[in-house]
Amino acid sequence: MIADLARRAADLGAALDVAASTLDDLRRERAGLTTATAAPDLWVDRRRARGMLTRLARVDERIGRYTELRRRLDDVTALLELVAAERMDDGPADRADDKTAALVADLAADLAALAGPVNDLEILSLLTDPDDERHALVEIEAVDLDPDGLDFVDPVGALLAAYLDWAAWRGHPTEVHRRRFRGWSGLRSAVLTVAAPYAYGRLAAETGTHRLTATYSPDGLPRTAAAVVRVLPVAVPGDHVDVRDRDVRVDQPRLSATDCSGRYRDTMVILTHLPTGIRASSQHPGPGWTVARSAWRELRTRLLAAGRGTDDRPSGEVRAYEEPPGAEALERLLREAVRRRVTG
């Protein structure tokens with residue numbers, strides 16, 4: 001029992017060592033930001049000032065989180081070494097006295113509570129690309145592999161639900177820009193934004209083709225349908241995206257009521273960038289200005305990706321499963337993908 005806990009503590013220590021590799025850079029960045037934010041002309045450029053203050057708070061939080069996790073792990077490790085040295089638990093747990101068993105149970109609970117935050121901090125330290133810190137725009141579009149597959153499998157709906165569940169599990173705000181249906185059998189496409197720091201870095205590995213197989217059908221044969229997922233970093237106000245009002249056509253079609261009572265009506269805004277033909281749209285209940293804001297944010301994101309040459313990048317790996325993973329399983333897959341991307 002003690003040996004197993006010691007191995008788990010060592011694994012968490014190795015993860016914290018990875019996170020510690022970025023501490024020097026973070027401390028230097030904090031020193032520079034502290035000096036810059038103390039300048040008397042800080043608020044001459046309000047947008048720049050807010051960005052620096054936000055970044056300073058984020059860096060302070062990262063450093064403070066590492067310090068607290070390292071302290072807690074060192075305390076647990078010291079107690080484990082003490083128990084092992086006194087050979088209080090040299091055999092199975094049922095041979096130990098009540099005091100030792102309670103202590104070991106507490107240490108196991110402490111390690112379990114540390115696992116999530118430590119692994120999370122390790123992943124943040126691996127996400128060093130500037131775009132990794134951005135929010136994520138996720139586009140899901142169905143692909144016809146089997147002529148009848150989409151009648152039995154709804155890959156877009158399943159993946160959309162999986163990403164929404166994962167974001168809710170992590171406490172990330174989300175916004176579904178639109179859902180496009182393909183009749184009674186499911187969704188043709190969907191677009192959502194995960195509005196949280198490092199959402200793009202975490203979700204970038206989801207870019208690719210996702211195949212879902214249904215084992216039920218009238219003829220008993222498996223039916224397969226797929227969806228292509230594209231993840232883009234959301235544009236921020238500081239990005240150089242040249243969008244002139246005269247180059248954008250704005251369409252706002254009239255939509256029917258979303259329910260039989262007619263109390264709530266969807267608002268839809270479609271933006272078309274005339275020089276490039278890139279389109280963005282948003283549709284959901286709410287004031288027109290909020291829907292238009294979402295559509296403009298998506299258009300700027302797509303134009304930024306097109307300018308970088310990443311909007312039509314080739315799909316990544318192909319994943320096949322009968323149903324998308326749950327929130328915790330998806331979190332593990334995303335962590336493994338980040339580690340593989342960094343280690344090559």
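Just so it is clear, the values below take in all heavy atoms, side chains as well, and ignore hydrogens, waters and symmetry mates. Along the sequence shown, the residues carry numbers beginning at 1.
Between Arg297 and Val234, the closest side-chain pair of non-hydrogen atoms falls below 4.5 Å. In this structure the side chain of Tyr66 reaches within 4.5 angstrom of the side chain of Leu23, judged on heavy atoms. Within the 4.5 Å cutoff, side-chain heavy atoms of Leu164 are placed close to those of Leu192. With contacts defined as side-chain heavy-atom distances shorter than 4.5 Å, the pair Leu137/Val191 qualifies. Within the 4.5 Å cutoff, no side-chain heavy atoms of Val118 are placed close to those of Leu73. Residues Arg188 and Val156 fail the side-chain proximity criterion, which asks for heavy atoms closer than 4.5 Å. When side chains are defined from C-beta on, Val138 counts as touching Val229, because their heavy atoms get closer than 4.5 Å. In this structure the side chain of Arg182 never reaches within 4.5 angstrom of the side chain of Leu187, judged on heavy atoms.
Here the closest heavy-atom approach between residue Leu160 and residue Ala190 is recorded as CD2-CB, 4.0 Å. Considering every non-hydrogen atom in both Ala295 and Ser282, the closest pair reads N-CB, 3.9 Å. Thr209 and Ala226 get closest at one heavy-atom pair: CG2-CB, 4.0 Å. Ala136 and Val231 make their closest contact through CB-CG1, 4.0 Å (heavy atoms, listed as atom of the first residue, atom of the second, distance).
The side chain to side chain contact (heavy atoms under 4.5 Å, CB included) search around Asp24 returns Arg27, Arg28, not counting sequence neighbours. Applying the side chain to side chain contact (heavy atoms under 4.5 Å, CB included) criterion to Glu81, with sequence neighbours excluded, gives Thr77. With sequence neighbours excluded, the residues that form a side chain to side chain contact (heavy atoms under 4.5 Å, CB included) with Glu29 are Leu26, Leu33, Arg55, Val59. Contacts of Val241 classified as side chain to side chain contact (heavy atoms under 4.5 Å, CB included), with partners at least two apart in sequence or in another chain: Asp239, Val243, Arg300, Leu303, Leu304. In this view, Ser294 and Glu175 satisfy the side chain to side chain donor-acceptor pair (under 3.5 Å) rule, not counting sequence neighbours. Scored by the side chain to side chain donor-acceptor pair (under 3.5 Å) test, Glu68 finds Arg71 as partners (sequence neighbours excluded). In this view, Asp251 and Arg249 satisfy the side chain to side chain donor-acceptor pair (under 3.5 Å) rule, not counting sequence neighbours.
Residue pairs that meet the side-chain hydrogen bond (donor to acceptor under 3.5 Å, both in side chains) test with at least one member in residues 158-169, sequence neighbours left out, are Tyr163-Glu206, Trp166-Glu331. Within the structure, no pair that satisfies the salt bridge (charged side-chain N to carboxylate O under 4.0 Å, His left out) test touches residues 272-294, not counting sequence neighbours. The list of side-chain hydrogen bond (donor to acceptor under 3.5 Å, both in side chains) pairs with a residue in residues 108-128, not counting sequence neighbours, reads Arg65-Asp120, Asp120-Arg170, Asp120-Arg202, Glu122-Arg339.
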Assess the residue pair Glu298 and Arg302 against the criterion (salt bridge (Lys or Arg N to Asp or Glu O under 4.0 Å)); give the C-alpha distance rounded to whole Å, side-chain angles, the decisive distance to 0.1 Å, and a yes or no. CA-CA 6 Å; Glu298 180 186 344; Arg302 293 189 181 280; 2.9 Å; yes
Start with the C-alpha gap between Tyr321 and His210, add the side-chain angles, then the distance that decides, and say whether side-chain contact (heavy atoms from CB on, under 4.5 Å) holds. CA-CA 8 Å; Tyr321 29 59; His210 299 249; 2.5 Å; yes
Give the C-alpha distance, both sets of side-chain angles, the deciding distance and a yes or no for side-chain contact (heavy atoms from CB on, under 4.5 Å) between Arg58 and Glu133. CA-CA 11 Å; Arg58 193 173 296 170; Glu133 295 188 22; 3.3 Å; yes
Apply the test salt bridge (Lys or Arg N to Asp or Glu O under 4.0 Å) to residues Asp25 and Arg30: give CA-CA distance (whole Å), side-chain angles for both, the deciding distance (0.1 Å), then the verdict. CA-CA 9 Å; Asp25 293 336; Arg30 179 174 64 178; over 6 Å; no
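Atoms CG and CG, on Asp106 and Leu111 in that order, are 11.0 Å from each other to the nearest 0.5 Å. Distance check: Tyr198 OH to Leu127 CG gives 7.0 Å after rounding to the nearest 0.5 Å. Note that the CG atom of Asp75 and the CG atom of Leu114 stand 9.5 Å from one another [nearest 0.5 Å]. Here the OG1 atom belonging to Thr174 is positioned 12.0 Å from the NE2 atom belonging to His135, to the nearest 0.5 angstrom. If you take OG1 on Thr272 and CG on Leu299, they are separated by 8.5 Å, rounding to the nearest 0.5 Å.
Hydrophobic clustering (side-chain heavy atoms under 4.5 Å, transitive across Ile, Leu, Val, Met, Phe, Trp, Tyr) keeps Ile270 apart from Leu274. Linking ILVMFWY residues whenever their side-chain heavy atoms come closer than 4.5 Å, directly or via other members, leaves Val236 and Tyr200 in distinct clusters. Both Val176 and Phe181 belong to a single network of hydrophobic side chains, linked directly or stepwise wherever heavy atoms of I, L, V, M, F, W or Y lie under 4.5 Å apart.
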Taking distance alone, no hydrogens or angles, what donor-acceptor pairs closer than 3.5 Å link side-chain atoms of residues 2-12 to residues at least two apart or in another chain?
none

Please list, one pair per line, the donor and acceptor atoms closer than 3.5 Å that link side chains of residues 40-54 to other protein atoms, with sequence neighbours excluded.
unit_1 : atom_1 : unit_2 : atom_2 : d
Asp45  : OD1    : Arg47  : N      : 3.4
Asp45  : OD1    : Arg48  : N      : 3.3
Thr54  : OG1    : Arg50  : O      : 2.8

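Side-chain contact of Arg178 with Ser281: a donor-acceptor pair under 3.5 Å is present, judged by distance alone.
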